[in-house]
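Remarks on the structure that follows.
Residues: numbered from 1 along the sequence shown. Just so we're clear, the structure is a prediction, and the values are computed from it rather than from any experiment.
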Amino acid sequence: MARGARIVGLLLLGLAALALIGDVVLARTTRAWFERDLSTRSRLAVNAAQASLREAWNDSEKLKEILEDITRDEPVVAAAACSAGGVLLAKTAAYPAEFPCSVVLQHAEPDGGVAAGSWTADASVHDGPVRLTAVALEPRLGTVVLVHDVRFLSRREATTRNILLVGFLVVSLIASAATLVMTRFAWREWTAGLRRALRGDAPRGFEPLVRDVHTMVDQLSREREGASGPWSAARLRATLNTHLQGERIVILANREPYIHIKKESGEIEVQHPASGLVTALEPVLKACSGVWVAHGSGSADKETVDQHDRVWVPPGEESYLVRRVWLTPEEEDGYYYGFSNEGLWPLCHIAHARPTFRAQDWAQYQNVNRRFAAAVCEEVDREDPIVLVQDYHFALAPKLIRERLPKATILTFWHIPWPNAEHLGICPWREELISGLLGSSIVGFHTQQHVNNFIESVDAFMESRIDRERNAVVQGSRTTLARAYPISIEWPVEWVTKSPPIPDCRAEVRQELGLAPDALLGVGIDRLDYTKGIEERLEAVDELLTLHPEFRGKFTFAQLAAPSRTKIPRYQELTDRIEALAARINGKWATGSYRPIALLRAHHEPPKVYRYYRAAELCYVSSLHDGMNLVAKEYVAAHDDEQGVLLLSQFTGAARDLTEALIVNPYDVHQASEAMATALHMPAGEQKERMRSMRRRVSEFNVYRWAGQMLRDAAELRRHERTADLLSVPPAQVPPLP
């Protein structure tokens, strides 16, 4: 009923607008017709009396009689005769004095090529508007001026308007009734068709909807299969045992989950890198076991591996293996710092940094991808393993692994945004990158938009068949699926359970920063990277203190910034700019021991990071462009007291999940500063409502669910491929995953 009312309301508005336009157009057209009619009638009247007028032109009495005869025809109410020089020769008694001959001849314009003109003017004649028409007598004797009473025009316009209004009301009633009836019948027909479709008798046109419904039901059924409660490490293990018979997983990633560093004292320290990728993937391997193949970059990494370059982690738990691959400085410079982070990273992020592509970097990227692909193949224990390839460092690896293990199920997850086809075209080796990724069984992205961009890129640059309905790319006998798998964090978070209570975290952090116990604290946790919007974030703090003096001396923003890619000049310059900006803001607002910016530029282990999360009233994630950004979800997970406010950039994938955050445009410093003020003033009840909703979302859609979906899809795809082998049917012809 509400839907029908909205439709009728829109229909009435449309008809009303149409009636208004029709009234204006009709009034103008009608008036123009009447005015042309008056001019024509005036010329006819003067032409009919033209012979008499010529004979009496110099006799004012006779001329007046002739003019009075002309005014007997309605609606002419007065007339006058003017000489060629503008002198009044004769006039009727009703002729208005405010229109002397000189004025009439000055304003009258030729009408239709005839020496006559007219205009409308208000006068006191007959208490209403009049129209004056001037008709010239030939040969140049003078001009006869006729005055018409045009009050009838207003009456006819009012009549026309009333008729139009009545017509509008009648049409509106008929149209509204017809619309309601048609809507009701259409709705009944649609619902009946839907019921038939769900019973298996789908009318024409319902097939896509039925397919989507069945896909959703299948997905829910698969998720519930063997499930007992929310997604967890135990449920992920159960999923792996059910669908993959407990197979171990091989993960390929550039960054290792644990780094062994030799301190100056000679003691070896284990560090957990600040990486969203590590945060997301480590719980998967803890739950499922397997091997993590990564670059061994720690100063003591070689001292801690066995003869096969492997080490068990985490320390004291030893639940999975890390296989380390060693790179020369030249390989690391070209593959990692060069092509990956000076080329692909700015190419994929809209952060106004120009990508740099060098042939020597590309050569090292190819070489390193071959080396890591070989290491993966050495770690598998069967001919059809499950391999998870991670991120932009290894775009070529899926195809290289496929060449050596043709039956492998390869899932590649691209952790950063995928650019549109036009932007990707900047890369000189775009075809090679796409071809490498198409060696995957499934290519995963954070959002559907990135999936769409990838499909468009394949369509633009590769010879292949695109199945847009299934988001699949078919090349020969192989099919590669593109899917959106929004990544998340573990739940519950290990570091939260190990953290002190929130009141203790608040007290410890404020004491550590030299703040008053009741000081307000904001926090940002990032690598020092130009895509994270750290400069814009600090400028928002400056703007907050400028516009809201009540926070001066009370609010401090702690920026935990882990050094990153320090060999790249752009990152060195960014570090210098951020330090200078923090110093300028502190110099501007410092009073006594108070500093509004606490810039902690160092690597921070998870226990410290989570203490800061739990101690802060707000967390600001200001990424200029990000695939997902797990800092936002970590902050939500850290606040088991359901307090605190998350400010989140609209350019993150997380903004699609955490809609109860204060979503801002990080480029709009004023908007961000006002959002900070809103967060600091937000009542505890509203904070609780927002935080509770976000925590529910993160808990339900956690990293175990993310991994479970991918692994379940991998198992389903493997089943299709095995069926195809048995039937000798190319896998591309076997229906892939929904």
Report task. Using the side chain to side chain contact (heavy atoms under 4.5 Å, CB included) rule, take His625 and Thr531 through it: C-alpha gap first, then chi angles, then the decisive distance, then the call. Result -> CA-CA 6 Å; His625 197 198; Thr531 66; 5.6 Å; no
Has the side chain of [X] got a donor or acceptor atom that lies under 3.5 Å from a matching backbone atom of [Y]?
X	Y	result
Ser232	Arg235	yes
His423	Leu347	yes
Tyr365	His393	yes
Arg430	Gly425	yes
Asp641	Gln643	yes
Thr591	Tyr594	no
Ser340	Tyr335	yes
Arg483	Val443	no
Glu605	Gln271	no
Arg552	Leu545	yes

Is it true that [Y] and [X] share a donor-acceptor pair across their side chains at a distance under 3.5 Å?
X	Y	result
Glu536	Ser622	no
Asn341	Arg565	yes
Gln687	His639	no
Ser457	Trp418	yes
Tyr337	Asp361	no
Asp626	Asn629	yes
Gln390	His415	yes

Report task. Could you check Asn420 against Glu456 for side chain to side chain contact (heavy atoms under 4.5 Å, CB included), going step by step and ending with a plain yes or no? Result -> CA-CA 7 Å; Asn420 60 42; Glu456 293 298 331; over 6 Å; no
Atom of [X], atom of [Y] and distance for their closest heavy-atom approach:
X	Y	answer
Ala395	Trp414	CB-CZ3, 4.0 Å
Gly592	Arg595	O-NH1, 3.1 Å
Thr652	Ser623	CG2-CB, 3.7 Å
Arg255	Arg527	NH2-CD, 4.5 Å
Leu433	Cys427	CD1-SG, 3.8 Å
Val664	Ala675	CG1-CB, 3.6 Å

Counting neighbours of [atom1] on [X] that are heavy atoms of other residues, nucleotides or ligands and sit closer than 6.0 Å, is the number greater than 12?
X	atom1	result
Gln448	CD	yes
Lys688	NZ	no
Glu689	CD	no

Heavy-atom check, side chain of [X] versus side chain of [Y], under 4.5 Å:
X	Y	result
Leu630	Ile487	yes
Arg690	Val645	no
Lys588	Thr546	yes
Val451	Gln449	no
Asp459	Arg468	yes
Arg696	Arg692	yes
Ile442	Met710	no
Asp640	Ile502	yes

Mind checking the [atom1]-[atom2] spacing from [X] to [Y]? Nearest 0.5 Å is all I need.
X	Y	atom1	atom2	result
Lys608	Leu600	NZ	CG	5.5 Å
Ser699	Glu490	OG	CD	13.0 Å
Leu581	Asp542	CG	CG	7.5 Å
Asn586	Leu599	CG	CG	9.0 Å

**Report entry** Lys/Arg N to Asp/Glu carboxylate O, Glu494 vs Lys498, below 4.0 Å
**Finding:** yes
Angle class for the [X]/[Y] ring planes (parallel below 30°, perpendicular above 60°, tilted otherwise)?
X	Y	result
Phe555	Phe557	tilted
Phe339	Phe357	tilted
Tyr530	Tyr571	tilted
Phe651	Tyr667	perpendicular
Tyr635	Tyr613	perpendicular
Phe413	His446	perpendicular

Check residues 510-519 and write down every donor-acceptor pair under 3.5 Å in which the side-chain atom is one partner and the other belongs to a residue at least two apart or another chain.
from	atom 1	to	atom 2	distance (Å)
Arg510	NE	Ala519	O	2.9
Arg510	NH1	Arg506	O	3.4
Arg510	NH1	Ala615	O	3.1
Arg510	NH2	Ala519	O	3.0
Arg510	NH2	Ala615	O	3.4
Arg510	NH2	Glu617	OE1	2.9
Arg510	NH2	Glu617	OE2	3.2
Glu512	OE1	Arg611	NH2	3.3
Glu512	OE2	Tyr612	OH	2.9

Query raised in the report: Under the 6.0 Å and 45° cation-pi test, does Arg697 pair with Phe701?
Result: yes
Report task. Test ring pair (Phe, Tyr, Trp, His ring centres under 6.0 Å) on Phe445 and Tyr485 and set out the steps. Result -> CA-CA 6 Å; Phe445 301 91; Tyr485 298 111; 9.6 Å; no
Report task. Carefully, step by step, assess Val284 and Glu282 under the rule side chain to side chain contact (heavy atoms under 4.5 Å, CB included). Result -> CA-CA 5 Å; Val284 177; Glu282 191 190 12; over 6 Å; no
Report task. Take Leu388 and Thr412, measure what side chain to side chain contact (heavy atoms under 4.5 Å, CB included) needs, and give me the verdict at the end. Result -> CA-CA 6 Å; Leu388 302 183; Thr412 301; over 6 Å; no
Requested in this report: Might you work through the salt bridge (Lys or Arg N to Asp or Glu O under 4.0 Å) test for Arg705 and Glu700, ending with a clear yes or no?
Outcome: CA-CA 8 Å; Arg705 185 181 189 275; Glu700 293 176 358; over 6 Å; no
Report task. Kindly say whether the aromatic ring centers of His681 and Phe551 come within a distance under 6.0 Å. Result ->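 They qualify: ring centres under 6.0 Å apart.
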